[in-house]
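Written out below as structure tokens is the structure these notes cover.
Both counts, for ligands and for their atoms, begin at 1 and track the order of listing.
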Amino acid sequence: MSAEPVVAIVVAAGSGVRLGGPLPKALRLIAGRAVVVHATHNLLAGGVDFVVVVVPSSHRPEFDAALSSAFPIRLWRTVSGGTERQVSVRLGLEAIDRDPVLAAGRVVLIHDAARPLVPPEVVTRVINEVRAGAVAVVPVVAVADTIRRLGDPTGHSTVLDRSTLRAVQTPQGFDRATITAAHAEAAADGVTLTDDAMACEHVGGQVSLVLGARESHKITEPADLAWAEALLAGRAGG
Ligand code: CTP
Ligand code: MG
């Protein structure tokens, strides 16, 4: 590992209620490999040096087994998560803070295990933007659907100008000290966050956007898992 490691937190502590099934979503297989293994692989391929995987404590041995079958132990560790994504992220950040080797790095990425097929070039883009001085970096894509906003004062819905909208993805990249303090402050203030860049904004930090990718699509429902299988089968078939 370089003197200034790039560390990524992969939040994988959710149960995947909308996907269904007996296993946590991040342990489900795509093309024979666990969702969390795909996500970790793509982060490492994009320039991440070490991955902290936040897992449900009830399934930690299965996560350890899946990760150790794919990667050397010097590249990853697991920590137990919390009941909300926001809590899982904070526990990951605190684990980095307690480890002098990991805490030596300025760049930290936060990624949803549920986005297993993120292209490595998106990961690299995020890392480079933080290295260039950004405090918070968010990969985004244009919105494909026409979007209507409900609750117009007239009682009707209205179409939003799609050209001004962007869908937010992960990994999001941060200055480590800033995001660690921001998450601690959001928790102390009882603020609910829908993503991590919002935590930075809560403490006055500016968010930079970089181009994401359709392949970073989040696996939420069974059709998303089928989509991911089909994408990888298409790649294998050349
Ligand atoms: N996550 C987490 N800890 C939680 C809840 C979610 O680490 N307490 C993680 C999930 O594992 C996932 C990411 O946050 O990688 C995005 O959450 P989502 O897609 O909503 O996953 P789940 O919460 O597992 O799914 P569901 O909401 O359908 O139960
Ligand atoms: Mg959820």
Fill in the blank from the handout: Contact region, Thr83 to ligand 1, non-hydrogen atoms below 4.0 Å, reads backbone

Problem - Salt-bridge contact Arg85-Asp196 (side-chain N to carboxylate O under 4.0 Å) - result: yes

Practice task
Looking only at protein heavy atoms, identify the closest one to atom 15 (O) of ligand 1 and say how far it is in Å.
Solution key: Val11 O, 2.8 Å

Problem - Residues Val130, Arg106; criterion side-chain contact (heavy atoms from CB on, under 4.5 Å); working and verdict - result: CA-CA 9 Å; Val130 183; Arg106 191 182 84 78; 3.8 Å; yes

Handout entry: N or O contact, Ile219 vs ligand 1, cut-off under 3.5 Å
Key = no

Completion exercise
the protein heavy atom lying closest to atom 21 (O) of ligand 1 turns out to be Lys25 NZ, 3.2 Å

Handout entry: Closer than 4.0 Å: a protein non-hydrogen atom to atom 17 (O) of ligand 1
Key = no

Handout entry: Close N or O approach (Gly14, ligand 1; < 3.5 Å)
Key = yes

Problem - Under 4.0 Å to a heavy atom of Ser15 - the qualifying atoms of ligand 1, by number - result: 24 (O)

Fill in the blank from the handout: Filtering Ala113, Gly81, Gly82, Pro116 for the heavy atom nearest atom 8 (N) of ligand 1 leaves Gly82

Exercise for the section: Output yes when the distance from some N or O of ligand 1 to some N or O of Val17 is under 3.5 Å, and no in every other case. Expected result: yes

Problem - Side chain Arg166, main chain Val140, donor-acceptor under 3.5 Å - result: no

Practice task
Indicate whether any N or O donor in one side chain lies under 3.5 Å from an N or O acceptor in the other, for Asn42 and His111.
Solution key: no

Problem - Non-hydrogen side-chain atoms of Ile127 and Leu109 separated by less than 4.5 Å - result: yes

Practice task
May I ask you to decide whether Arg125 forms a salt bridge with Glu129, counting only side-chain N to carboxylate O separations under 4.0 Å?
Solution key: no

Handout entry: Side chain to side chain, Val37 and Phe71, heavy atoms closer than 4.5 Å
Key = yes

Handout entry: Protein heavy atom at shortest distance from atom 24 (O) of ligand 1
Key = Gly16 N, 2.9 Å

Problem - Polar proximity ligand 1 side, Arg18 side, N/O cut 3.5 Å exclusive - result: yes

Practice task
Mark the output for Val54 as yes if a heavy-atom distance to ligand 1 is under 4.0 Å, and as no if none is.
Solution key: no

Fill in the blank from the handout: Checking Thr40, Val55, Val10 against Leu67 for side-chain contact (heavy atoms from CB on, under 4.5 Å), the one that qualifies is Thr40

Problem - Identified side-chain contact (heavy atoms from CB on, under 4.5 Å) partner of Ile179 from the options Val89, Val203, Leu93 - result: Leu93

Fill in the blank from the handout: For atom 3 (N) of ligand 1, the closest protein heavy atom turns out to be Ser88 OG, 2.8 Å

Exercise for the section: Tell me which protein heavy atom sits closest to atom 7 (O) of ligand 1, plus the residue, atom name and distance to 0.1 Å. Expected result: Ala13 N, 2.9 Å

Exercise for the section: For atom 19 (O) of ligand 1, grab the closest protein heavy atom and report residue, atom and distance to one decimal in Å. Expected result: Lys218 NZ, 2.8 Å

Practice task
Count the heavy atoms of every other residue, nucleotide or ligand shown that sit under 6.0 Å from CD of Glu84, and state whether that count exceeds 12.
Solution key: no

Practice task
Using a 4.5 Å cut-off on heavy atoms from C-beta on, say whether the side chain of Leu117 contacts that of His217.
Solution key: no

Problem - Atoms of ligand 1 close to Ala12 [distance to a heavy atom under 4.0 angstrom, numbered from 1] - result: 7 (O), 11 (O)

Handout entry: Identity and separation of the nearest protein heavy atom to atom 13 (C) of ligand 1
Key = Asp112 OD1, 3.4 Å

